[in-house]
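Each chain gets a letter, A, B and so on, in the order its sequence line appears, and its residues count up from 1.
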Number of protein chains: 2
Amino acid sequence: MDKPAPRRVTIVDVARHAQVSTTAVSKVLRNAYGASPAMRTKVQQAIDELGYRPSAAARGLRGQTYTIGVMLPELRNLFFADILDGITTQLGDSDYQVLLAPGCNGEKAEAKVIDAMIDRSMDGLVLIAPVSAKKRLTEVAAGVPTVVVGRHGASPTYDSVTDDDIAGAALVVDHLVSLGHRRIAHIEHHETDRIRLAEMPNALRANGYRHAMIAHGLEDEIDVASTSYTQAGGYQGAKELLARPVRPTAIFAGADVVALGALEAIAEAGLSVPGDISVAGYDNSALAAFGPISLTSVDQDGRQMGANAARLLVERINQRDRRPTQVKLTPSLVVRRTTATI
Amino acid sequence: MDKPAPRRVTIVDVARHAQVSTTAVSKVLRNAYGASPAMRTKVQQAIDELGYRPSAAARGLRGQTYTIGVMLPELRNLFFADILDGITTQLGDSDYQVLLAPGCNGEKAEAKVIDAMIDRSMDGLVLIAPVSAKKRLTEVAAGVPTVVVGRHGASPTYDSVTDDDIAGAALVVDHLVSLGHRRIAHIEHHETDRIRLAEMPNALRANGYRHAMIAHGLEDEIDVASTSYTQAGGYQGAKELLARPVRPTAIFAGADVVALGALEAIAEAGLSVPGDISVAGYDNSALAAFGPISLTSVDQDGRQMGANAARLLVERINQRDRRPTQVKLTPSLVVRRTTATI
DNA sequence: CTGAAAGCGCTAACAT
DNA sequence: ATGTTAGCGCTTTCAG
């Protein structure tokens, strides 16, 4: 009954069936130079007849694996899903298969995942909002084509795709000011590392907030709660801000999930949004768009970012010594029902 | 400046450095039988000193790749993220690395992803809520250890982990009836395929709903809107139900996202929840727990499901001829603020 | 344009 | 307990 595991069809089988050499088959497989049209059709037919599929493991030992690894900090963050959509759409009809590691938080987990991807001979890596030391990232990228998404700062080895977080923060502040707000507080993701303070989006958003406040002559109103980019962080941060002697009239949360936590804390305090207090988020995730929440948020167009990342990565795979490129996209503000005139 | 790609450290380098054979190194790597403690320490030291990491591609050519592939229909579904958490937690300190394909919807995309994983010599597959033909799944599982999650029905080749969807649906109906509801409608995911009608969770939930209604003597009140398990599907389905001559007093949505869509439609119709109408979901995703939404929902304990799947998979990898097992977990109801007495 | 042959890095028989 | 050797399935020189 149980057949003894029907051995997989190999390139040798195809070659024999088509009466050609394995080299010929290999060339057809890779659309490589040096195979006549006649040869191509003959081999292709054999491939189809036998249902042959090349083994990526074997290919990887000499050439490419046609696999692109994506690392992201958190699967539950819908913004990252958008980036992923952009990547897969862009790679849609190429031979590359995208595989991703389940969310990894922290430098240690990142190191493990990156190693795992290198061990598996992936052709290219997309690292989304990595927190690893820049030195490490640069080393990794020296070994395998890499694109870093959502982390500012140029590198000699990797390409990067970012959204202008400074501008995004300014969009929010400008909007709130135009609604008459002055006491605009911010909930940031706490950061101490010096390089990360210059490169991580959360740091730049906090920075952009400060700059924008100053630009509006509101430097005395600057008020920041330093927690983390999580729902709990938003809750905690908002509680903190609401306990101030003079309550802010608007809260700019560094991310949509943070805004959600803030909304919870505000509701718990018996205050209404936007009646008593306006709230804005960042990322314009599906959550923000969801009717009952309807959160004003900064849209980063994750799909666009992902598409750019994939494009750059393929370019680099095909030309490894190409100069590193930085793509910086411009965010836009989506005004919804959580912000209103004071 | 640019060093010419420092060749990766191989098992040969380690063997030479430790003055032993490559076989010895290989054995230490795999904790295989036949290496003395002295040998182990010597080799391990060489490995550390050289920073050696085995190439998964090369390993895959002969033995295992220590890679487990996970396929899921949709990354944005938070319930799937829970399953994934369970898998990775269970696999935490093993040598296996989990890699997943970005969400794939439909039979065609599934086929592509499964092929891609097989091509990459993955040691095992976890297929979450696959829609592919059962025949295909059985064939796949004959070739590579496979666990199917969230699809009922035993198979001769794969293990499966499910949650008792019939019981889950009954939980909701029982709850609503106990609150005094009689006109309880259901929004289901439309299904026509005969096998899927018997195996897919959505079909079983619809079934469980009907049975429970009948058990309560409410067969005349059975009312089903057949759309899809998406937010749009929920919106559409609720609109349909609200347009009935006699409006339902409660809606049981087959999934939390569906409930969200329903909530939107209900709000749009100027009705209040749970004042005018009660709503219950399924999955108890983070969304359901989110304060402002606070959706009554059926909890499937995705983490538990994932942990079981991973456990079964590793067992099967180590003993491929083991009898297929079916694990069926029992759901529980989490009552929140979207359901109330009529 | 085509094919023979030499590996890629590792594991699994098979000696010793 | 250790080492030797032959591949795994593919790509890549290098001849023809």
Can you tell me which residue among A/Asp123, A/Thr157, A/Asp159 is in a side chain to side chain donor-acceptor pair (under 3.5 Å) with A/Arg316? A/Asp159
May I have the distance from A/Asp13 (atom CG) to D/dC10 (atom C1'), rounded to whole angstrom? 13 Å
A/Arg59 has its side chain closest, among D/dC10, C/dC8, C/dC10, to D/dC10
OP1 or OP2 of D/dG9 versus the side-chain N and O atoms of A/Ser55: is any pair under 4.0 Å? no
Nearest-Å distance for atom pair CZ/P, residues A/Arg53 and D/dC10: 12 Å
Side-chain contact test, heavy atoms from C-beta onward, threshold under 4.5 Å: evaluate it for B/Leu75 versus B/Phe80 and give yes or no. no
Quick one: do the A/Thr89 and A/Arg303 side chains pair a donor with an acceptor below 3.5 Å? yes
When you measure from the side-chain N and O atoms of B/Arg30 to the phosphate of C/dA12, is any distance below 4.0 Å, counting only OP1 and OP2? yes
base_contact_polar (D/dG7 base, B/Arg62 side chain, donor-acceptor, <3.5 Å): yes
5'-most contact on DNA chain D (nearest-nucleotide basis), B/Ala58 vs B/Val20, goes to B/Val20
Of the nucleotides D/dT5, D/dC10, C/dT2, which has the atom closest to the A/Met39 side chain? C/dT2
For a quick test of reading the model: is some side-chain N or O of A/Thr22 closer than 4.0 Å to OP1 or OP2 of D/dT11? no
What's the spacing between A/Asp95 CG and A/Gln64 CD if we round to 0.5 Å? 9.0 Å
Starting at CD1 of B/Ile47 and ending at P of C/dG9, how long is that distance when rounded to a whole Å? 16 Å
Using whole Å, what does the distance between atom P of nucleotide D/dT12 and atom CD1 of A/Ile11 come to? 11 Å
Length of the line joining A/Lys27:NZ and D/dT12:P, which is rounded to integer Å: 11 Å
For atom CG of A/Leu29 and atom C1' of D/dC10, their distance in whole Å: 9 Å
May I ask you to verify if any side-chain N or O of B/Thr23 is less than 4.0 angstrom from the OP1 or OP2 atom of C/dT11? no
With a non-hydrogen cut-off below 4.0 angstrom, is B/Thr10 in contact with a base, only sugar-phosphate, or nothing? sugar-phosphate
Is there a side-chain contact between A/Asn105 and A/Pro73, using heavy atoms and a 4.5 Å cut-off? no
Identify whether any heavy atom of B/Val25 sits under 4.0 Å from a base atom; if not, whether one sits that close to sugar-phosphate; answer base, sugar-phosphate or nothing. nothing
Expressed as a whole number of angstroms, how long is the span from B/Asp123:CG to C/dT11:C1'? 13 Å
A/Tyr52 vs D/dG9: side-chain N/O to OP1/OP2 distance below 4.0 Å: no
Does A/Ala32 reach a base, just sugar-phosphate, or nothing at all? Heavy atoms under 4.0 Å. nothing
Inspect the surroundings of CD in B/Gln19 and state if more than 12 heavy atoms from other residues, nucleotides or ligands are less than 6.0 Å away. no
Taking only the side-chain nitrogens and oxygens of A/Ser26, find out if one of them lies under 4.0 Å from OP1 or OP2 of D/dT11. yes
How long is the line joining CG of A/Asn31 and C1' of D/dT11, in whole Å? 15 Å
